[in-house]
Protein chains: 2
Amino acid sequence: MVRDDHAGSALAALAALLADETRAAMCLALLDGRAWTAGELARHAGVAPSTASEHLGRLVAGGLLAEERQGRHRYVRLADARTAQLVEDLAAHAGPPPAAPRTLAQAGAGSAMARARTCYDHLAGRLGILVTDALTRRGLLDQSNGFALTDEGVEWFTGLGVDLAAARTGRRPLARPCLDWTERRPHLAGVAGAALCGHALASGWCVRIGSGRALKLTARGRTALHTHLGIAPDALEAPTA
Amino acid sequence: MVRDDHAGSALAALAALLADETRAAMCLALLDGRAWTAGELARHAGVAPSTASEHLGRLVAGGLLAEERQGRHRYVRLADARTAQLVEDLAAHAGPPPAAPRTLAQAGAGSAMARARTCYDHLAGRLGILVTDALTRRGLLDQSNGFALTDEGVEWFTGLGVDLAAARTGRRPLARPCLDWTERRPHLAGVAGAALCGHALASGWCVRIGSGRALKLTARGRTALHTHLGIAPDALEAPTA
DNA sequence: CGGACGTTTCGGCGCACGCCGAAGTGTCGC
DNA sequence: GCGACACTTCGGCGTGCGCCGAAACGTCCG
């Protein structure tokens, strides 16, 4: 009882950090996995710099955000992958209501965000689904009895020049499903998801669009996805399967 | 921007439901997977019945809880497994601080809760870990590249008289890891975890202690765990490995 | 039918918190 | 050094919300 009492206040304190609309908007923005300055977040959330400063202080004190001071700037980012996953999960649980994206302008070609973007540190959007499905189709990822890379999958990463065993750090799972809120199906996250995204950016398969989390698939990326995963070059542009 | 704005308020609204200590305590209590009456929850949380009634109204309206009226009673339970997982995840993220359970009285034999309990609808506590480890050791559960049942694992369930394919409903994963806040390691949750827990209760492997979520392993359960998983009969009493 | 009981509705109280603008601190660049 | 700039601290204001007790509502049981 005493124990649960303590757990109750800890849970409430954690939830309270995300229970404010301004702080929630900040955390969602930080889901792109990058560090933002306090001022950028203030403008993004539409509040005065002083207000943003107080919010960031709370989020850092609560352990949700990590900060790094550089000169007159205060950079903040999500504390770690585990925290990012928590925000994702909450957003996914809260998100479902807008079930009908019926606007023709949006449904037609789809926005750049819907096509390809990062979700903290891995690929998401239609590109994320495309890659996840291709991995599954080729027997590199097993989704039938859970969500795990097969031995062939690990070798596939090695062939790409990515050493997953070395990338594995701490308790973070090698592969886990991440359900984001535009596509409704899970895509690859975890150590392998992060490694793949890092490799894709490093190898020029895709580049960031502007300052946001949206990505653009390059010509090199199109051929790479075709040779490594058998994904048709125009698959990303085609209507959602 | 507009879109993220909406996502922000949705996230904040969801988090606000758990941001109150009283509501948090209620949700944690409901993690035992059973339905409680409004009065029970009021007493458990230490607030007036009128206050509890308002809180429950919010939680139900927010979709976290499902209610069932029976005569003059109002029974509530967590809305679904997905919601339970969300509360679990938040509690696990909030919990870690109490890192040192050094009290001799607790560390020695351990409380009944620490030994065996339910976590929503699956086994948790030392028993949960014991079973998960045994499944892994026997090659029925693969944790090396993710968290998934092997084909042998599915057959093992069949041998137990549990048809996992039939139990599989909707999008709920067959096997997923659940990290609870007394043991620090993941144990089996998802459809398979729920089926195993259901089988254990139905077959008299364990019984509920009182009205809470604590479980007691029976003599029959001890032999069953030994024959089916090779778990030593006194393993549950031994100090944490 | 009437009393016991679980639950709900309604005021009313008080605190906690989010917001801002103004003023202060520290860093950068000329 | 001296402005420009990013951020922080500090009052002060308003609102939202959690709490309770009193009273109303429904159900159950004798």
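Here is how names work: the chains are called A, B, and so on, in the same order as the sequence lines, proteins then strands, and each is numbered from 1. As the structure is a prediction and not an experimental result, all values here were calculated from the model.
Residues A/T132 and A/I129 form no side-chain contact, since every pair of their non-hydrogen atoms from C-beta on lies 4.5 Å or further apart. In this structure the side chain of B/H122 never reaches within 4.5 angstrom of the side chain of B/L196, judged on heavy atoms. Annotation: side chain of A/T118 is in contact with side chain of A/C197 (closest heavy-atom distance under 4.5 Å).
With hydrogens and angles ignored, the 3.5 Å screen pairs no side-chain donor or acceptor of A/R23 with any backbone N or O of A/L18. A/T37 contributes a side-chain N or O that, together with a main-chain N or O of A/E40, makes up a donor-acceptor pair within less than 3.5 Å.
The distance from atom OH of A/Y75 to atom P of C/dT27 is 16 Å, rounded to the nearest whole Å. Straight-line distance from the CZ atom of B/R43 to the P atom of C/dT7: 8 Å, rounded to whole Å. When the P atom of D/dA6 is taken as reference, atom CH2 of A/W36 falls 16 Å away, rounded to whole Å. We find that CE of A/M26 is positioned 11 Å from P of D/dC7, with the value rounded to whole Å.
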Show each protein N/O and nucleotides 16-19 of chain C N/O combination with a separation under 3.5 Å, one pair to a line.
residue: C/dG18; atom: OP1; partner: A/R23; partner atom: NH1; Å: 3.2
residue: C/dG18; atom: OP1; partner: A/R23; partner atom: NH2; Å: 2.9
residue: C/dG18; atom: OP2; partner: A/R58; partner atom: NH2; Å: 3.4
residue: C/dC19; atom: OP1; partner: A/T22; partner atom: OG1; Å: 2.7
residue: C/dC19; atom: OP2; partner: A/H55; partner atom: NE2; Å: 2.3

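Using the six-membered ring where Trp is involved, B/W36 and B/H44 have ring planes that are perpendicular, over 60° apart on the 30 and 60° scheme.
Note on residues 52-67 of chain A: pairs passing salt bridge (charged side-chain N to carboxylate O under 4.0 Å, His left out), not counting sequence neighbours, are A/E67-A/R69, A/E67-A/R74.
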| Verdict with reasoning, B/D121 to B/R34, per salt bridge (charged side-chain N to carboxylate O under 4.0 Å, His left out) | CA-CA 9 Å; B/D121 60 3; B/R34 305 196 295 181; over 6 Å; no
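Between B/R74 and the phosphate of C/dT8, there is a side-chain N or O to OP1/OP2 separation shorter than 4.0 Å.
Contacts of residues 59-73 of chain B with DNA chain D (heavy atom under 4.0 Å): B/G71, B/R72.
The base of C/dG6 is not paired with the side chain of B/T37 by any donor and acceptor separated by under 3.5 Å.
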